[in-house]
Amino acid sequence: MEQPLPALGAVPGSDSLLGRAIAEVFAGGDLTDDLPDGSREDEVTTRLLDTAYQHFCRIGIRRSTMEEVARRAGVSRVTAYRRFATKDALVKHVIRREFRRYFAQFLIEVQQGATAADRVVIGFVSSLRAIRNNPLIGGLMITEPDVLIPSIVGDGGLMLGTVQRFVAGQLRQEQHVGTISPGVDVELVAELMTRLCCSFLVTPSFVVDLDDPEQLGTLARRFLTPMLNG
């Protein structure tokens, strides 16, 4: 499971913030290709993204304005709009940058597993903890759930489908090298793993302590890893 984020081909358009961000991250490629030429890696763009991230974490997305982000970043309103034509564009870039960081770290952590079962456990625990503990994503799921949660449970299944394909691809690689049973239906297993993880993300549990990595690991070993045996 040491491959870079796989290209999934064309991803259908989505009106939801999180759905679009995750789909674009999983699709790979240049995540700044919709920015004006010459501004994709410049200091002003980076400063605007950093400032927006901090501002969104502090007061949320709904109450934030482009004007306030520009002021805090020390640039003019016109300069900010030259980089990001709308607030939605700025939000999308901030969120998908966070998910890009998360997935890069996710792949590093998963590679530490000695067996396929270990990698499944690490992936499950890492996914829940990283997203829940992220100051922006996790914070918005608590303070502004209507901004993100509809992307997870609705959106025509775009987010679930995107993540399911990623997980299935990782399981297929394991199957190819003989670390899981050839009889495993990787598509179905990936579907079940993805739905369980997403359910814990959007719905509080009164049985499982989602902040306890040991309890999450035990849950994954008891219910997820047996599916690797076919």
Side-chain angles (χ1 to χ4, degrees), residues 1-9 11 17-32 49 53 57 92-141 148-149 151-152 158-177 179-180 186-187 189-202 208-221 223-225 227-228:
M1 302 179 76
E2 300 180 358
Q3 301 297 318
L5 295 179
L8 298 176
V11 179
L17 197 62
L18 187 59
R20 279 180 291 161
I22 290 181
E24 289 164 356
V25 167
F26 273 113
D30 183 3
L31 298 183
T32 63
L49 289 171
Y53 169 80
C57 288
K92 184 180 71 171
H93 276 273
V94 171
I95 288 181
R96 71 185 185 183
R97 187 176 69 160
E98 283 305 291
F99 271 99
R100 189 68 177 181
R101 288 172 175 170
Y102 155 67
F103 283 118
Q105 183 61 36
F106 169 85
L107 291 177
I108 291 174
E109 293 181 5
V110 166
Q111 290 168 15
Q112 308 308 308
T115 67
D118 290 340
R119 289 187 280 276
V120 166
V121 172
I122 293 172
F124 179 73
V125 175
S126 172
S127 296
L128 286 174
R129 298 195 71 208
I131 294 176
R132 283 172 54 81
N133 294 335
N134 182 280
L136 176 62
I137 308 301
L140 289 174
M141 292 184 73
L148 297 183
I149 289 181
S151 299
I152 298 177
L158 173 64
M159 176 185 163
L160 282 172
T162 301
V163 177
Q164 184 273 342
R165 289 194 297 274
F166 171 78
V167 175
Q170 298 298 294
L171 293 176
R172 196 171 290 110
Q173 291 178 34
E174 296 280 5
Q175 202 171 49
H176 180 72
V177 298
T179 51
I180 66 175
V186 296
E187 296 293 338
V189 170
E191 177 85 3
L192 294 174
M193 289 181 174
T194 300
R195 287 186 178 275
L196 180 63
C197 188
C198 287
S199 177
F200 277 128
L201 281 175
V202 302
V208 179
D209 183 354
L210 301 179
D211 295 316
D212 182 348
E214 184 174 344
Q215 191 172 150
L216 290 176
T218 299
L219 177 71
R221 287 200 179 278
F223 296 104
L224 298 185
T225 60
M227 291 192 288
L228 302 180

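Quick caveat, the model's predicted, so the values are computed rather than measured.
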**Q** Using 0.5 Å steps for rounding, measure from the CZ atom of F166 to the OG1 atom of T194.
**A** 10.0 Å

**Q** Return the minimal non-hydrogen interatomic distance between Q215 and V208, and the atom names on each side.
**A** OE1-CA, 3.2 Å

**Q** Can you see which heavy atom on V110 is nearest to which on R119, and at what distance?
**A** O-CG, 3.2 Å

**Q** Would you say that F124 contacts M193 through its side chain, given a criterion of any heavy-atom pair below 4.5 Å between the two side chains?
**A** no

**Q** Give, for atom CG of L224 and atom CG of L216, the distance between the pair rounded to the nearest 0.5 Å.
**A** 10.5 Å

**Q** Can you name the nearest heavy-atom pair linking I180 to L171, along with the distance?
**A** CD1-O, 3.4 Å

**Q** Quick check: does any side chain N or O of Q164 sit under 3.5 Å from a backbone N or O of E187, one acting as donor and the other as acceptor?
**A** yes

**Q** In Å and rounded to the nearest 0.5 Å, what is the CZ to CD1 distance from R132 to I137?
**A** 14.0 Å

**Q** To the nearest 0.5 Å, tell me how far L107 CG sits from S126 OG.
**A** 9.5 Å

**Q** Just by modelled atom types, is the A116 backbone N or O under 3.5 Å from a matching donor or acceptor in the E174 side chain?
**A** no

**Q** List the atom of A168, the atom of V186, and the distance in Å for their closest heavy-atom pair.
**A** CB-O, 4.0 Å

**Q** Do S127 and Y102 get their side chains close enough for a donor-acceptor pair, meaning under 3.5 Å?
**A** yes

**Q** Starting at CG of L219, measure out to CG of D212 and round the result to the nearest 0.5 Å.
**A** 11.0 Å

**Q** Counting distance only, does the side-chain N/O of S199 pair as donor-acceptor with the main-chain N or O of R195 below 3.5 Å?
**A** no

**Q** What's the verdict on side chain to side chain contact (heavy atoms under 4.5 Å, CB included) for L136 and I95, showing C-alpha distance, side-chain angles and the deciding distance?
**A** CA-CA 8 Å; L136 176 62; I95 288 181; 4.3 Å; yes

**Q** To the closest 0.5 Å, what do you measure between CG (D211) and CG (N133)?
**A** 6.5 Å

